[in-house]
Amino acid sequence: MILDDLNTEQRNAVTQTEGPTMIIAGAGSGKTRTLTYRIAYLMQQGVSPYNIMALTFTNKAAREMQERIVQLVGVNAKGLLMGTFHSIFAKILRIDGERIGYSRNFTIYDDDDSKKLIVDIVKSLNLDDKNYKKGRILSRISNAKCALFSPEDYAKRSDLIALDEQQHIPLLYKVYDIYQRRLRQAMAMDFDDILFNMNVLLRDCPDVKEKYQKRFQYILVDEYQDTNYSQYLIIKKLAEYYKNICVVGDDAQSIYSFRGASISNILNFNKDYPNARTFKLEQNYRSTKNIINAANSVIAKNERQIKKTIWTNNKEGDFVHFRTLSSDREEASWISDKIKELLDTGEKGGEVAILYRTNSQSRSFEDSLRLKNIPYIIYGGTSFYSRKEIKDAIAYLRLVVNNDDDEAFERIINYPARGIGQTTMDKLKIARETLGISLYKVAFTLSYDNPFNINTKAINTLRDFCTMIQSFSLRVEKDDAFTLGEEIIKRSGLRTTLATLRELEDKDRLENLDEFISGLQSFVENNEENIIDALTGEEIDITNKTLDVFLQQISLMTSTDTQEEEDNSQVKLMTIHAAKGLEFNNVFVVGLEENLFPSTMAFAARDDIEEERRLFYVAITRARKILYLTSAQMRYRYGDTTFTEPSRFVQEIDPKYLVYDKQEEESTLPRFVFNNRTKEKPILSLRHNALTEKKQKPQLNLSKPYSTLGNKTNLTPKSKPTIEDGEWRLADIEEVESNLTVKHSKFGIGIVLYTEIVAGDKRAKVDFGSQGERMLILKFAKLQVRK
DNA sequence: ACTCCTTGGGTTTTT
DNA sequence: CCCAAGGAGT
């Protein structure tokens with residue numbers, strides 16, 4: 001019986017399946033276990049998995065839970081709907097979104113797409129981009145959406161408008177409005193739209209609401225403390241009929257308020273459901289007493305929280321260590337040594353984690369671990385899918401699936417180069433504005449005598465392009481993702497272009513592109529048993545593995561989701577955010593300095609400091625046995641050395657559980673800290689060097705040309721005629737011979753070394769003596785030639 | 001129209 | 001330091 005694995009409180013939380021339930025689960029208290037057992041228990045009680053929905057925040061969490069449930073109940077889990085908020089609701093919107101005006105092929109814009117769109121809008125409104133910064137605008141819009149304010153709602157809110165005026169972005173409401181219209185026109189949603197539109201769907205289509213209310217007899221929500229209003233309301237509506245809603249969370253681990261998450265949702269659960277049962281899981285099975293006590297003493301400083309006491313039966317364990325190092329490099333180096341020691345005692349690399357506040361901190365650790373031959377893996381950072389060449393490929397696929405996807409269109413219309421440049425693009429945008437249709441439709445339908453002054457040549461190119469895309473679009477439903485995708489990537493010239501380039505990094509890119517293609521292949525060929533569409537219950541066979549399905553799947557993947565082989569020998573590096581839900585025997589929490597952790601951004605409000613503190617709490621509670629905290633007195637930041645103060649959070653730990661490791665007295669010695677990139681330069685003089693180096697740079701050209709001139713004679717420009725000679729004329733002559741003397745407005749007198757024709761353009765290599773050799777394209781270069 | 005270079009600005013965390 | 005955007009060159 002599965003219940004034997006649970007403690008009393010957990011068991012109660014699992015078996016009391018009816019009615020609203022809140023499980024407050026402290027760190028390490030077996031939260032995931034309880035949740036998965038609850039699901040398994042429901043099925044054992046005869047509930048069909050088809051009637052259960054479990055929502056998580058990350059794909060990884062969903063995947064893990066799915067696996068654990070399969071372990072518990074086997075294939076009976078078929079049909080269970082488990083996934084992230086975004087992925088599940090996006091699926092629902094593909095099925096029922098037509099009711100609110102979205103085709104099933106809608107695109108999901110990622111952050112990049114959204115930002116580009118915003119920049120475009122800000123430009124089109126002639127707003128000053130110093131105030132209207134894309135990141136700020138986007139987060140403002142995002143917050144509005146998560147609070148369910150439509151552009152119309154927003155415009156009516158005098159408080160929001162006033163705030164915008166105060167922040168010198170008075171027209172934000174207008175940007176928001178246009179942003180939404182443009183998304184609509186492109187048949188696209190951003191991440192927040194998925195949730196927003198799900199709300200719209202449930203609001204405007206009672207029959208759809210009823211369908212899902214009746215289907216989801218049991219709803220479970222993981223990490224409930226991280227839900228925003230929009231998510232909260234969806235859940236509330238879906239649970240309205242059966243009211244079998246079970247939320248699991250820990251207010252102390254709420255760390256996503258910057259994304260609109262509101263801790264109030266968990267704090268107010270009992271108000272929404274007065275008859276709700278609350279279970280508190282307070283026994284920690286993960287960490288030593290010292291770690292738990294240290295964590296408790298920190299989180300106690302927060303005011304807003306649900307009272308609970310986390311305790312453990314585990315042994316006392318080692319003290320929490322705190323150590324200050326002289327610099328970030330020292331910090332990395334010292335930790336690497338420490339890790340080496342751990343590995344030497346037989347500890348597995350995978351049981352060691354380095355946790356930091358910001359991604360940029362990873363570099364010094366990478367360098368130092370590599371230097372010491374310690375295998376490591378970095379979680380997060382730039383994802384495979386955000387590499388340029390992959391984004392290009394995806395843009396093609398996206399445009400094929402959804403012709404109205406303007407961001408995709410703009411990205412690839414001239415890549416590979418087709419002669420559609422800024423000028424034509426600007427005109428296309430004006431046409432889009434005037435006609436109110438997507439770029440693709442504009443490009444496909446414009447006549448030769450269009451009022452936008454787009455010339456015949458451009459029109460032909462655009463039509464050719466659209467015809468190509470069209471021919472692929474017609475096959476989306478017929479062909480599988482691999483067959484079609486591979487052909488698109490090859491026929492579009494994407495792969496060929498990359499293959500002709502000869503830089504080292506181009507080779508990597510080509511490899512990435514090929515990897516992407518083989519990703520398409522495995523998507524199609526991978527026919528594991530669990531590939532059934534949990535929402536419709538349909539079995540997805542190979543004929544269903546179309547490009548649109550592939551895109552749906554990858555559009556909600558993040559860097560942490562790119563599945564790699566678990567290699568237990570690798571030390572794990574990640575942000576604290578990424579570490580939530582994970583645990584390790586040994587944890588190093590690094591960079592404990594004011595302005596870094598807590599971050600400068602958090603000083604504005606008490607709430608933000610509390611969130612940083614919760615983040616610190618999350619960091620500490622990842623550790624099972626050994627916990628090291630470190631700070632650096634000097635940190636290389638923004639290309640500059642800054643001096644730091646230790647984080648307040650260290651002092652907040654009850655000293656009973658903490659030991660300050662002695663710091664070696666070395667600070668009086670002259671120290672040479674080396675910059676990561678340019679190892680030969682001491683950091684302290686770097687700024688100075690950088691300046692002088694820049695100044696010298698132009699001079700470098702001075703020494704170059706003569707050696708490359710070879711043995712040609714008669715090349716000394718100095719003796720050549722000057723402007724006044726009157727023997728010069730423009731370079732429109734047919735034959736340009738070698739050894740011809742020419743004059744350039746900028747570079748002065750030069751000698752033609754040779755000419756060639758590249759891509760239809762005649763070019764000449766000219767030696768300008770002290771100005772160096774230049775390759776000039778004759779149709780552009782303002783050259784005068786001696787007859 | 002494309003490429004290279006400079007410049008300026010910014011950096012929290014992520015579905 | 002690192003990126004993105006603008007400018008100048010081809």
Side-chain angles (χ1 to χ4, degrees), chain A residues 55-62 83-90 108 110-112 115-116 119 123 129-130 133-136 139 142 146 190-195 223 226-228 230-231 255-261 356-361 363 380 382-383 414-415 417-425 458 555-561 574-580 591 595-602 608 611-612 614-615 618 635-641 675-678 683 686 690 694 697-698 744-747 758-759 761 763-764 766 774-783:
Chain A
L55 296 164
T56 63
F57 266 82
T58 62
N59 296 302
K60 201 167 124 211
T84 65
F85 281 83
H86 289 84
S87 73
I88 287 182
F89 298 144
I108 297 172
D110 66 18
D111 244 40
D112 265 14
K115 282 181 179 158
K116 279 186 182 151
V119 167
K123 260 187 205 150
D129 60 6
K130 290 251 159 46
K133 291 175 193 163
K134 55 178 191 262
R136 191 158 153 218
S139 89
S142 170
C146 293
D190 66 13
F191 291 131
D192 302 311
D193 282 337
I194 295 171
L195 306 173
E223 310 279 15
D226 286 332
T227 48
N228 59 38
S230 179
Q231 291 164 318
I255 55 175
Y256 282 106
S257 75
F258 68 91
R259 216 169 66 190
Y356 35 76
R357 181 67 180 82
T358 66
N359 274 312
S360 61
Q361 285 166 261
R363 168 159 297 151
T382 33
S383 115
N414 203 35
Y415 186 79
R418 308 184 164 82
I420 302 294
Q422 198 54 58
T423 323
T424 308
M425 202 57 225
S555 58
L556 291 169
M557 294 246 236
T558 61
S559 45
T560 39
D561 292 323
M574 66 189 92
T575 64
I576 300 165
H577 281 87
K580 194 166 75 151
N595 298 326
L596 179 59
F597 193 16
S599 147
T600 326
M601 310 285 176
D608 293 342
E611 176 142 322
E612 291 285 305
R614 290 193 294 269
L615 192 56
V618 168
R635 183 169 292 278
Y636 205 57
R637 250 184 134 182
Y638 313 144
D640 216 342
T641 310
N675 174 344
N676 291 333
R677 287 294 160 99
T678 47
I683 211 172
L686 183 70
K694 264 180 198 164
K697 211 166 182 180
H744 184 270
S745 58
K746 189 123 191 164
F747 305 122
V758 175
D761 289 330
R763 308 158 156 218
V766 183
R774 303 280 168 166
M775 178 63 81
L776 303 173
I777 295 177
L778 293 184
K779 76 177 177 194
F780 292 120
K782 295 185 180 67
L783 279 181

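In the text below, chain A, chain B and the rest are named by the order of the sequence lines, each starting its count at 1.
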Quick one: closest heavy-atom pair of A/Gly83 and A/Ile88, and the distance?
-> N-CD1, 3.4 Å
Please check if the side chain of A/Asn414 supplies one atom and the backbone of A/Ile420 the other of a donor-acceptor pair under 3.5 Å.
-> yes
Short question: side chain of A/Asp190, backbone of A/Asp110 - any donor-acceptor pair under 3.5 Å?
-> no
What pairs with A/Thr358 under side chain to side chain contact (heavy atoms under 4.5 Å, CB included), at least two apart in sequence or on another chain?
-> A/Ser360, A/Gln361, A/Leu596
Starting at OH of A/Tyr636 and ending at C1' of C/dC2, how long is that distance when rounded to a whole Å?
-> 12 Å
Round to a whole Å and report the spacing from CG of A/Asp226 to P of B/dT15.
-> 11 Å
Less than 4.5 Å apart, any side-chain heavy atom of A/Leu55 and any of A/Phe89?
-> yes
Could you give the CG-to-C1' distance, from A/Asp111 to C/dC3, as a whole number of Å?
-> 15 Å
Fit a plane to each ring of A/Phe57 and A/Tyr256, take the angle between them on a 0 to 90° scale, and name the class: parallel (under 30°), tilted (30 to 60°) or perpendicular (over 60°).
-> parallel
Would a 4.5 Å heavy-atom cut-off, applied to side chains only, mark A/Lys580 and A/Met574 as touching?
-> no
Please give, in whole Å, the distance from B/dT15 C1' to A/Phe85 CZ?
-> 11 Å
Among all residues two or more places apart in sequence or in another chain, which pass the side chain to side chain contact (heavy atoms under 4.5 Å, CB included) test with A/Lys123?
-> A/Val119
Return the 5'-most residue of the pair A/Tyr256, A/Gly135 with respect to DNA chain B, ranking by each residue's nearest nucleotide.
-> A/Gly135
Separation of B/dT14 P from A/Leu615 CG (nearest whole Å) = 10 Å
Hits for side chain to side chain contact (heavy atoms under 4.5 Å, CB included) against A/Ala62, two or more places apart or cross-chain, chain-then-number order -> A/Thr56, A/Met82
A/Ser87 near the nucleic acid: base, sugar-phosphate alone, or nothing, with a heavy-atom cut-off under 4.0 Å?
-> nothing
Under 4.0 Å between any heavy atoms, over every strand shown, what does A/Phe191 touch: base, sugar-phosphate, or nothing? Just pick one.
-> base
Got A/Tyr356 and A/Ile576 here, is their nearest side-chain heavy-atom distance under 4.5 Å?
-> no
Distance below 4.0 Å between A/Thr58 side-chain N/O and B/dT14 OP1 or OP2 = no
Taking only side-chain nitrogens and oxygens of A/Asn59, does any of them come within less than 4.0 Å of OP1 or OP2 of B/dT15?
-> no
Taking N or O atoms only and anything under 3.5 Å, show me the protein contacts with nucleotides 8-10 of chain B, one pair per line.
{"unit_1": "B/dG10", "atom_1": "OP1", "unit_2": "A/Lys133", "atom_2": "NZ", "d": "2.7"}

Under 4.0 Å: is that the gap between some side-chain N or O of A/Ser360 and OP1 or OP2 of C/dC1?
-> no
Among the candidates C/dG6, B/dA1, B/dT13, find the nucleotide nearest to the side-chain atoms of A/Lys123.
-> C/dG6
Given atom CG of A/Asp112 and atom P of B/dT15, what is their separation to the nearest angstrom?
-> 14 Å
Spacing between A/Lys134 atom NZ and C/dA4 atom C1', to the nearest angstrom = 6 Å
Between B/dT14, C/dC1, B/dA1, which one does the side chain of A/Arg363 approach most closely?
-> C/dC1
In whole angstrom, what separates A/Tyr356's OH from B/dT13's C1'?
-> 12 Å
Between B/dT15, B/dA1, B/dT13, spot the one nearest the side chain of A/His86, thanks.
-> B/dT15
Between the protein and nucleotides 2-5 of chain B, list every N/O to N/O distance that falls short of 3.5 Å.
{"unit_1": "B/dC2", "atom_1": "OP1", "unit_2": "A/Asn414", "atom_2": "ND2", "d": "3.1"}
{"unit_1": "B/dC2", "atom_1": "OP2", "unit_2": "A/Asn414", "atom_2": "ND2", "d": "2.8"}

Flag the pair A/Asn595 / A/Arg635 as yes when at least one side-chain heavy-atom distance between them is below 4.5 Å, and no otherwise.
-> no
Taking both distances under 3.5 Å as the test for a Watson-Crick or G-U pair, what stems of at least three pairs does DNA chain C have?
-> B:1-10 with C:1-10
Minimum-distance pair of heavy atoms, taken over all atoms of A/Phe191 and A/Leu556 = CE2-CD2, 3.7 Å
